[in-house]
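Quick caveat, the model's predicted, so the values are computed rather than measured.
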Amino acid sequence: MAPITAKKNGKKHALKLKDTKGAKKAKVEVKSSSSSDEIASSSDEDDDVESGVLDGEESEEEDELDEVSEEDELDQESDEEQAEQKEESGSDDNENEEGSSDEKKAGKEGPGQHAEQRKLLKERKMQRKSGAEVQQIKSLWERLRVNNPPVPKPVREKLSNEVWELSKDCISDLVMKHDASRVVQTLVKYSSKERREQVINALKGKYYVLATSSYGKYLLVKLLHYGTKQSRQVIIDELHGSLRKLMRHREGAYVVEDLYVLYASQEQRQQMLREFWGAEYAVFRDAHKDLTLEQVCESSAEKKNIICKNLIGTISASVDKGSTGFQILHAAMGEYVKIAGDKEISEFIEVLEDKFAELVHTPEGAEVCCTLIARATAKERKTIIKNLKDHADNLIRNEHGNTVFVTALMCVDDTVMMFKSFGPAIKDRLQSIVVDKFGRRPFLYILLGLDGKYFSPVVKTELQKYIKLSENTSKKPFEQRRKELLNKFAPMYLSTIAKYYDLILEENLGCQFISEVLVNDEFYEQLGEQDKARFQEVIDTIIAYFKGDITDEKHPIHRPYSVRLLKSLIQGGKWNAKEKKLEPLRSVQGLGHDFAQKFYEDIIDETNLLDWINNVDSSFTVVALYESLSKAGDKKLTKDLKKVAKKIDQESNNNKGARLLVKLMNEKA
DNA sequence: CAAACCCCGGCTTT
DNA sequence: AAAGCCGGGGTTTGTA
């Protein structure tokens, strides 16, 4: 692994640790991704970060302690841990906890006690099964793991062989202990394919226990990481049938999530999910291969009931455990809502309670959330919105979250509530949301509906699916909701543009947005008298924005979208590319000819006309001006153009605007 | 709108 | 396990 990776991981981890203290409540940010990071990085660190031994260990155990209180019934449920293992792992756990708290105490109270504690700990360790070997292996490992300077390869091989010789017979004892499990991790990391294969085989029959062990899980994840397709299959096969139980397990759930997200193939994922349907589908898995949920449910209402019950069982257990952010869970939820009836949907909404925000960052999770919003009753929608509004900014900017917000905008009848909920959170950030690739979408929706320009066919079809689903519970005519929202949001759009025009105009997406706002009859018609006046001020502001010497490279005209914006304002209408004609505005004032006139006066006049024509970036502006003004019989520009006609640069190949202008002038004459 | 373009994830290769 | 290729998507751009 490259040092860069190590560094990155270390950093990530450090950040994460800081978080765990203060930000329990602020875990809106993708929990699922952190799950994999957490496991990967905290175990990586052992090997890669030089100074990390104590830090890593301590923090890990701190996490451990944190979680202990959350302990649930599942440990008992987990089949009494295989008689032989039970005693061992039980005492092991205890010792580790003691160990960590001892260590901490010692750290505070003085070195003398510390040493004593250490000795005690060591003695206890020696008494454990394979204790002597463990100590020996560990000392070898200490030499193996050093990374600064890195151990030369031959030495590494030798050490690693020695470790393997010592550990291969008691490997299953090693992997459950927090220190020794690291030895095996390092071993796996520095081993050949064959050796890894051997480790995989030596651990056969242990993977369930491994997955549920707070230390073993790191090794398991490592094995998955370095493993081949086959070895992954071995592990998956073995865990297969226990997934539902694992999902309810504190450690196991993380392993399953990692497996699902990072290592399982599409087919394996499908299989994992099918296991959540019920025991039948886990046991006879080959018989049920290629089975889709819809098929099964259609074939028998009884089966459907059972599957529903099983799914919601796993889902609510995991949600209660705080695993709402897991992707595998989102996928399971996705299946559930696909077959759920209205009653089940209501129950599901209750299960999720205030955790909706944890769903919206993954494709599946967002889909679930959208479906729920679409199918929910007015009252249920209100609770969902109430929950989501606290995460408005993250929700709206997120690639998937934004569709959830759009769905809410499309489906919720109570637009007053929508505006009250989200308005305040949005108000001060609209200038940055509006230039965000995803964040701007909901606001373009309010402005234009599901315009194909901003909603790709895939997204659009999906959103239309939700519209269809919402028809049972939404009462207003579809377009009415958008109009009402536009009415409420329009003043906010306007004041944001007025205040932050320079920030927004700096971005391509921002120019595009402003153009959509200004060249829009519906928008203008929603404005009151006072806002209509402000609208004119905004237009003047934009005109003034283009003042200045365009031979200066920093002039805004040299940014690609500026011309497009100006052109749309000068034309005063939307270009319909299908019909190849301009659709003039019916009610907006101050654009089109008016705008052109002002622009050819305040910004361009006979003194700098030639500059604007002979520059590639700006020439099309003049073309637009010419078309707009000459059509209206405005002679000033035509006259000025004649004066400079001879100096227009028609030679350079790339100034197509200039040449087009000349062509148009000749046609006229 | 359509063509050009770029970026990313998955796959194959050594 | 890293490097390179390919295809599909989304975005940019060209200018009607």
Less than 4.0 Å between a side-chain N and a carboxylate O, is that true for K437(A) and E399(A)?
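Not counted as a salt bridge, because no side-chain N and carboxylate O are separated by less than 4.0 Å.
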Do E522(A) and L486(A) come close enough that some side-chain heavy atom pair is under 4.5 Å?
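The answer is yes; the side chains approach within 4.5 Å.
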Partners meeting ring-ring contact (aromatic ring centres under 6.0 Å, His included) with Y493(A) (sequence neighbours left out)
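With sequence neighbours excluded, Y493(A) shows a ring-ring contact (aromatic ring centres under 6.0 Å, His included) to F513(A), given in chain and number order.
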Sequence-aligned protein contact record of nucleotides 3-16 of chain C, with B where the base is within under 4.0 Å of a protein heavy atom and S where only the sugar-phosphate is
-------SS-BBBB
Is it true that Q512(A) and R440(A) share a donor-acceptor pair across their side chains at a distance under 3.5 Å?
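Their side chains do contain a donor-acceptor pair, which is all the 3.5 Å distance test asks for.
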We want to know whether S628(A) and H593(A) form a side-chain donor-acceptor pair, criterion being a heavy-atom distance below 3.5 angstrom.
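No, no side-chain donor-acceptor contact under 3.5 Å.
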E583(A) CD to dC1(B) P, straight-line distance once rounded to whole Å
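Between P of dC1(B) and CD of E583(A): 12 Å.
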